[in-house]
Amino acid sequence: KVISLAELSQHNKPGDLWMSINGDVYNVSKFASLHPGGAKILEQSAGKDATSEFYELHRHDVLAKYQRLKVGRLEGAAEVDPSDLSQVPFAELSAFQGQHSPYFKETHRQFLQAVRSFVRSELLPIAASADLAGTYPDRELQKKLGASGLLVCGMGPGPWLKLAKEQLGIQLPGGVGPEDFDYFHEMIRHQEMARIGLPGFLDSLGAGWMISAPAVFHFGSDEMRQTVGRSMLLGEKMGCLAITEPFCGSDVAAIRATAQKTPDGKHYMVNGIKKWITEGAYADYFVTPVRTGGSGPKGISLLLIERGEGVETSQMKTTYSACAGTAMVLFNDVKVPVSNLMGKEDEGFKLVMYNFNHERWSICQNVLGQCRAAVTDTFLWARQRKVFGKALIEQAVIRFKLAAAVSALESVQSYNEAITFDMCKTEHGPLNARLGGPIALLKYQTTRTAWNIADDCVQILGGRGITRTGMGAKIEGLKNFVKYAAVYGGSEEIMADLAIRQAMRNFPPHARL
């Protein structure tokens, strides 16, 4: 319905309150008594365009929750495509704001817009409430992620894309064909979803799935790929990667969980404890390294363990939302068929290491997406917030902090794009051992840089930057998540050491200063 300004102006009395925000007209008459800020503030803005007043107090995302209150569109208001790319400086990858790039093509733009549309229609309306309440994702949402192609996209290029399309009817966002999909499409997938800016909610959308499903397809049997793999691609079953123990973190070779064969040789009996397992609280499958032989890396095997008798999970309280299902996992005499062995017995350590490269790269994308969201919100806030009679952006110190955050972000993103291009051109992509050092160094630099970006953004947002809800929610989320990312997938110190040790293997023996 098209509503004129004259008609809008008539709805400005208690019990009859309409207002326009961004050209959409909302009837807030019944909502007024439920408004957290009280009815009076709504009465003051009723009967007119309240866009400026709204953005003084709320994020744009809030509107997604109240579309049911919309009664029409203000006459003459311009239509806005929800998937349109932003013109706010640095709000998009530079390739989508006019900078020439050798990496991105039209398929990447179409893919980005399709992912953004899904995020805005399916995820943003539920993100904040789920993150605050700590509710786990329901199966319906997981199936939507599967059907949309966003789950399989998180695995990167590979035969699973063709399987998903031809056997399961899963179309990739933007109509991108499996043969055209590359790691830059996957980069966009991770970064675009990360811009939601709520790290707990983000990790509930398949963080554990994305580091367990690749192991099923890379190292599992044909039967495992056709059964477990298919159900995971559809979002009918979820998985997690259960590596970390109370006894070891980055030192994977020190794991103590054991798997001993039964006398008939048909099963393993698994016992052990795993901690800080993302999505472990509600996972159906656990990709789990266990000790089947002696000490050190040689005696480790990789098993797929299905939730069932002897598997117990409990929620762990960590810095971010419980909806990510970060869990302690107990295996007590769990009977696992020998057919669930991935690769060969006692040779699972190298499989875990291969899997780590892609995981670490995807963590970088998550962090960079959240950084861009935080920088964008900080830029918007600095421009619209007035202090001492003028906008924050007019203060030189604020512009300096913005410049520091932006230059840091764009520098790491350029480094990221170079390594991603290397992945596209290298046999087996991130699974190639040569890329272990470069990806480790990228993760180290990404999390170090993100810490500085978060610091600058918090200082500009002030109290809002340390408040979990409202205008500074994405900044507060980044501030907390940076330390997560600096630890999981391999701590910063281990990443730095790995990169230099790998580089030293190729150090020319006769080189001298």
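Remark: R109 does not engage E92 in a salt bridge, criterion side-chain N to carboxylate O under 4.0 Å. Electrostatic pairing of D131 and R468 counts as a salt bridge here, judged by a charged N lying under 4.0 Å from a carboxylate O. Between K144 and D138 no salt bridge is recorded (no basic side-chain N to carboxylate O distance below 4.0 Å).
A side-chain donor-acceptor contact under 3.5 Å links E279 to the backbone of A207. Listed for the R385 side chain is no donor-acceptor partner under 3.5 Å among the backbone atoms of L392. For Q365 (side chain) and W361 (main-chain N/O), a donor-acceptor pair under 3.5 Å exists by modelled atom type. Under the 3.5 Å distance criterion, the side-chain polar atoms of Q99 are left unmatched by any main-chain donor or acceptor of S94. In terms of modelled atom types and a separation under 3.5 Å, the side chain of Q502 and the main chain of R434 share a donor-acceptor contact. When atom types are taken as modelled, the side chain of T467 and the backbone of T469 share no donor-acceptor pair closer than 3.5 angstrom. Between the side chain of D203 and the backbone N or O of A324, no donor-acceptor pair lies under 3.5 Å. Panel note: side chain T449, backbone T446; no donor-acceptor pair is recorded below 3.5 Å.
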Using atom types as modelled, flag every donor-acceptor pair under 3.5 Å from a side chain in residues 438-445 to any protein atom, sequence neighbours excluded.
unit_1, atom_1, unit_2, atom_2, d
K443, NZ, A485, O, 2.6
K443, NZ, Y488, O, 3.2
K443, NZ, G490, O, 2.8

Table please: side-chain donor-acceptor pairs of residues 401-411 below 3.5 Å, with sequence neighbours left out.
unit_1, atom_1, unit_2, atom_2, d
S407, OG, A403, O, 2.8
S407, OG, A404, O, 3.1
E410, OE1, R372, NH2, 3.4
E410, OE2, R372, NH1, 3.0
S411, OG, S407, O, 2.7

Task: Step-by-step side-chain hydrogen bond (donor to acceptor under 3.5 Å, both in side chains) determination, Q459 to D455 - done: CA-CA 6 Å; Q459 292 304 113; D455 184 54; 6.0 Å; no
TODO: Check the pair Y66 / Y26 against ring-ring contact (aromatic ring centres under 6.0 Å, His included), numbers first and verdict last.
DONE: CA-CA 9 Å; Y66 297 105; Y26 297 85; 8.5 Å; no
- [ ] Apply salt bridge (charged side-chain N to carboxylate O under 4.0 Å, His left out) to D284 and R139, showing your working.
- [x] CA-CA 11 Å; D284 300 290; R139 190 66 79 188; 3.1 Å; yes
- [ ] List the steps, then state whether side chain to side chain contact (heavy atoms under 4.5 Å, CB included) holds for F111 with E106.
- [x] CA-CA 9 Å; F111 182 83; E106 184 58 28; over 6 Å; no
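Taking the six-membered ring where tryptophan is involved, the planes of H58 and H35 are perpendicular, since the angle between them exceeds 60° and thus also 30°. Classification of the F481-Y320 ring pair by plane angle, with boundaries at 30° and 60°, yields parallel. Using cut-offs of 30° and 60° for the angle between ring planes, the F181 and H185 rings count as parallel.
Residue pairs meeting the ring pair (Phe, Tyr, Trp, His ring centres under 6.0 Å) criterion with at least one member in residues 385-415, sequence neighbours excluded, do not occur. Sequence neighbours left out, not one pair with a member in residues 446-479 passes ring pair (Phe, Tyr, Trp, His ring centres under 6.0 Å).
When side chains are defined from C-beta on, Q97 does not count as touching L85, because their heavy atoms never get closer than 4.5 Å.
In summary, the side chains of T447 and E492 do present a donor paired with an acceptor at a separation below 3.5 Å, with no hydrogens or angles considered. A donor and an acceptor atom, one from each side chain of N22 and Y55, are located under 3.5 Å apart.
Partners of E245 under the salt bridge (charged side-chain N to carboxylate O under 4.0 Å, His left out) rule, at least two apart in sequence or in another chain, are K274. Looking at residues two or more places apart in sequence or on another chain, you find no side chain to side chain donor-acceptor pair (under 3.5 Å) involving R399.
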